[in-house]
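Note sheet for the following structure.
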Amino acid sequence: MGDSVIYIEKDRLTGVYSRDYFDATARRVVDDNPMVPFVIIELDINRLTVINELYGVSEGDNVLKYMGTTLSEVFGNVENAVYARIQADLFAVLCPYDKIKIDEYIETIEEAMHKYSLMLNIDILLSFGIYKCIERDVDMQIQRDRAKLALKTVKGNYINHVAYYDSSMHDKMTNEQEVIQNMASALENREFVVFFQPKHSLDDESIIGAEALVRWKSPDKGMISPGLFIPIFESNGFIMKLDFYVWEETCRFIKEQLANGVNLKPISVNISRINLYNPELVKDLINLVEKYDIPFDMLELEFTESAYTDNPQLMLQTMAELQDAGFKVEMDDFGSGYSSLNMLKDVPVDVLKIDLNFLSKTSNSEKAITIMSSVVRMAKWLGIPSIVEGVETNEQIEYLKSIGCTTVQGYFFSKPLPADEYIKYIEMYNCRELKKKEEIAFGDNIKVICPNDVWNFITSRRNADFPIFDAFGLYESTSAGMELVRVSDGYYDLFKTTRAESFGKHRFVAECINPDDRHIASNMIKEAMNRSAGRGVFRVLRGDNTEIKVFATAKLLGTNEDGDARIFYIGFNDIGEYL
Ligand code: C2E
Ligand code: CA
Ligand code: CA
């Protein structure tokens, strides 16, 4: 540190050191103590802007001052510790590395902040990023940046508040920069594609709607999942543009399909939390629906619950305006934020959406189930319809039914589908409904039926009932396995095989399925035995040694006269590749 360096030593607001002083002093301390291992901790007060907005800037300043005092109390007497306010709500500490002590410091700081937040009645979240100063000679600012990179991985995370830097974070940052560099051209080139994930009624399995979910189809990287780019777009504001694009694509899709006479149900779109601060939000949405001339109730809006926690007043007002315009409003990821069940009395949501995934990842499973069932019950009691998403297994479905949940979304029924697949999916369900009506007429006598009768039954109605399968086969299940009995014309085409092969060496269905996916097919058959139909997505090995992914629907058609063999049909659709 040369004498010529001039910097402001103290941060005026908090009284702790300034950034420049920190960098210079930390440099000196590290150099003067070559045998001492050090860490740099960067500490961020999350959502300080919310405090500023709710309680005024002076209250925000008080929080910062309080943090300054806390740091002085914790680190004032620690030998070789330096602490400072770097900028806005970001603080930094240099101190000797001792894992246990660092855990203690962090706990003390969090406890202090928690006490303070009780007074304010708003949860003040802290995030900590830690860099072990391994490359001691590297510029202090760069070392701080590494701590900050670690911090970013836990910022806004309610569960994990502390992260240590590792070099993979650097790769992640490079990746982020790439995303940022390419996002604008990607939007222009229409690389963002909207998929639709069906929502189903548990009463009769019918489709009640869908959620629009975006994917990035990059020409060089392939399909990129939103988990990788949405958080980046949320932090740099680009999400506003992407959101609008997705809404518009969805409106266009709705208009087209309604014009085609498709029996389309409402589609919900996600509204990112920062769009809540967009003064044009309501107007933009109304204009879109009017531009595409679709009914307001075909476009539903999902707001995430944590946006409510940020700014309840704004959310209430925006929701009310949108509802007045005729939109249905869903509260997404309910149970993930901090608002209480009581708030439901004040918030005029039309649908509550509960994310099973989120619950089971973040709490122990017993607690998750308790939360979910109390939310479902509470919603029922208040007369608010609820939908549970992330539903994957039959057990979950049975449980949900038992607590009175009537609508679900999740892999159990379907993954998010590209637009054309979603249309096929709707058609398939329409057919199923048609069929169901016929089945009632068909009655119970299907129980004892011979394969030929079943075949005649199917082929005679084939055009009306199965126009949407690329291929289907009739199988007999015996102790030897599921054996092919009859196939449709499309079967040989789809599976690039011959009649001789199909009924020869490939007559057992299991042998045609990729070994890693066989369990999916066998679950599908189990489901078909217990429920009205089983479904599965798996890879099939074809005659020419290529593989395709199929969406299959299996149904138990009957049991033979002796009762020791069952007859199934399996309909196959080539779904190519999608997420
Ligand atoms: P989200 O709104 O909670 O969407 C539900 C996510 O759960 C989707 O992930 C969906 O594919 C996934 N999912 C559905 N069923 C299951 C299941 O049974 N099991 C599991 N494990 N996951 C299931 P996805 O598509 O990757 O989207 C992730 C998040 O990205 C979304 O969470 C949403 O917050 C955001 N997102 C996606 N598309 C958009 C968009 O167009 N705009 C905005 N603002 N956010 C979007
Ligand atoms: Ca959503
Ligand atoms: Ca959700």
Side-chain angles (χ1 to χ4, degrees), residues 156 179 183 186-187 191-200 209-217 223-251 253 266-278 281 284-285 288 299-308 328-337 349 351-362 368 372 375 386-397 400 407-419 421-422 535-537 578-579:
V179 165
M183 61 192 187
L187 188 64
E191 286 171 25
F192 292 101
V193 187
V194 181
F195 277 41
F196 301 98
Q197 184 174 37
K199 301 175 183 173
H200 282 267
E211 175 177 6
L213 292 157
V214 73
R215 271 94 188 87
W216 184 347
K217 223 175 182 170
M223 206 67 101
I224 309 174
S225 104
L228 294 176
F229 57 84
I230 297 273
I232 302 176
F233 293 173
E234 274 174 347
S235 59
N236 70 14
F238 191 70
I239 191 71
M240 304 262 278
K241 283 202 172 132
L242 183 66
D243 266 2
F244 190 84
Y245 177 85
V246 172
W247 307 338
E248 178 147 31
E249 289 294 289
T250 305
C251 288
F253 177 77
I267 299 182
S268 59
V269 292
N270 289 286
I271 312 270
S272 146
R273 76 174 65 217
I274 66 167
N275 248 316
L276 212 55
Y277 296 90
N278 167 13
L281 176 70
D284 283 353
L285 282 163
L288 260 184
L299 190 70
E300 298 183 347
L301 311 172
E302 295 194 9
F303 287 91
T304 146
E305 190 222 38
S306 45
Y308 175 83
K328 272 216 171 107
V329 176
E330 280 183 37
M331 177 77 85
D332 197 5
D333 300 331
F334 190 78
S336 66
V349 291
V351 181
L352 265 191
K353 202 166 189 186
I354 304 151
D355 198 325
L356 212 52
N357 249 318
F358 188 89
L359 283 177
S360 52
K361 260 188 210 129
T362 54
M372 190 190 53
V375 173
S386 59
I387 178 164
V388 175
E389 71 177 318
V391 180
E392 294 180 356
T393 66
N394 205 15
E395 291 85 72
Q396 289 169 338
I397 294 275
L400 289 170
T407 49
V408 298
Q409 174 186 342
Y411 296 165
F412 179 78
F413 281 102
S414 170
K415 294 196 166 189
L417 303 170
E421 297 293 340
Y422 180 51
R535 282 173 289 273
V537 171
Y578 60 82
L579 286 179

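First listed ligand is number 1; within each ligand, the first listed atom is number 1.
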N/O donor-acceptor pair under 3.5 Å between [X] side chain and [Y] backbone:
| X | Y | value |
| --- | --- | --- |
| Thr407 | Ser386 | yes |
| Gln396 | Thr393 | yes |
| Gln197 | Ser414 | yes |

Side chains of Leu213 and Asn270 in contact at under 4.5 Å (non-hydrogen atoms): yes

Atoms of ligand 1, numbered as shown, that sit under 4.0 Å from any heavy atom of [X]:
| X | result |
| --- | --- |
| Asp333 | 3 (O) |
| Ile230 | 36 (N), 39 (C), 43 (C), 45 (N), 46 (C) |
| Glu392 | 17 (C), 18 (O), 19 (N), 20 (C), 21 (N) |
| Gly390 | 16 (C), 17 (C), 18 (O) |

Enumerate the salt bridge (charged side-chain N to carboxylate O under 4.0 Å, His left out) contacts for residues 238-248, please, sequence neighbours excluded, ordered by first and then second residue. Glu248-Lys291

Pick whichever of Ile271, Asp243, Leu356 has a heavy atom sitting closest to atom 44 (N) of ligand 1. Asp243

Counting heavy atoms only, which of Val246, Val214, Val194 comes nearest to atom 39 (C) of ligand 1? Val214

Among residues at least two apart in sequence or on other chains, which ones pass ring-ring contact (aromatic ring centres under 6.0 Å, His included) with Phe244? none

Does Glu211 reach ligand 1 with a nitrogen or oxygen that is under 3.5 Å from one of the ligand's nitrogen or oxygen atoms? yes

Any N or O on Glu302 sitting closer than 3.5 Å to an N or O of ligand 1? no

Which value, rounded to the nearest 0.5 Å, describes the distance between [X] atom [atom1] and [Y] atom [atom2]?
| X | Y | atom1 | atom2 | result |
| --- | --- | --- | --- | --- |
| Ile239 | Glu234 | CD1 | CD | 5.5 Å |
| Lys353 | Met331 | NZ | CE | 13.0 Å |
| Glu389 | Tyr411 | CD | OH | 10.5 Å |

Looking at ligand 1, would Pro416 count as a contact under a 4.0 Å heavy-atom criterion? yes

Decide side chain to side chain contact (heavy atoms under 4.5 Å, CB included) for Leu301 and Trp247; before the verdict, give the C-alpha distance in whole Å, the side-chain angles of both, and the deciding distance to 0.1 Å. CA-CA 10 Å; Leu301 311 172; Trp247 307 338; 6.0 Å; no

If we set the cut-off at 4.0 Å for heavy atoms, which region of [X] has an atom near ligand 1: side chain, backbone, both, or neither?
| X | answer |
| --- | --- |
| Gln409 | neither |
| Asp355 | side chain |
| Lys415 | neither |
| Val391 | backbone |

Contacts of the Ca ion (ligand 3) with protein N/O/S atoms, counting only those under 3.0 Å: Asp332 OD1, Asp333 OD1, Glu389 OE2

Could you tell me whether the side chains of Ser268 and Lys199 share a donor-acceptor contact shorter than 3.5 Å? yes

Parallel, tilted or perpendicular: rings of Phe233 and Phe192 (30°, 60°): perpendicular

Return yes when at least one N/O/S atom of Asn270 is nearer than 3.0 Å to the Ca ion (ligand 2), and no when none is. yes

Which atom, among the N/O/S set of Glu211, is closest to the Ca ion (ligand 2)? OE2

Does Glu191 have any side-chain hydrogen bond (donor to acceptor under 3.5 Å, both in side chains) partners at least two apart in sequence or in another chain, and if so, which? Trp216

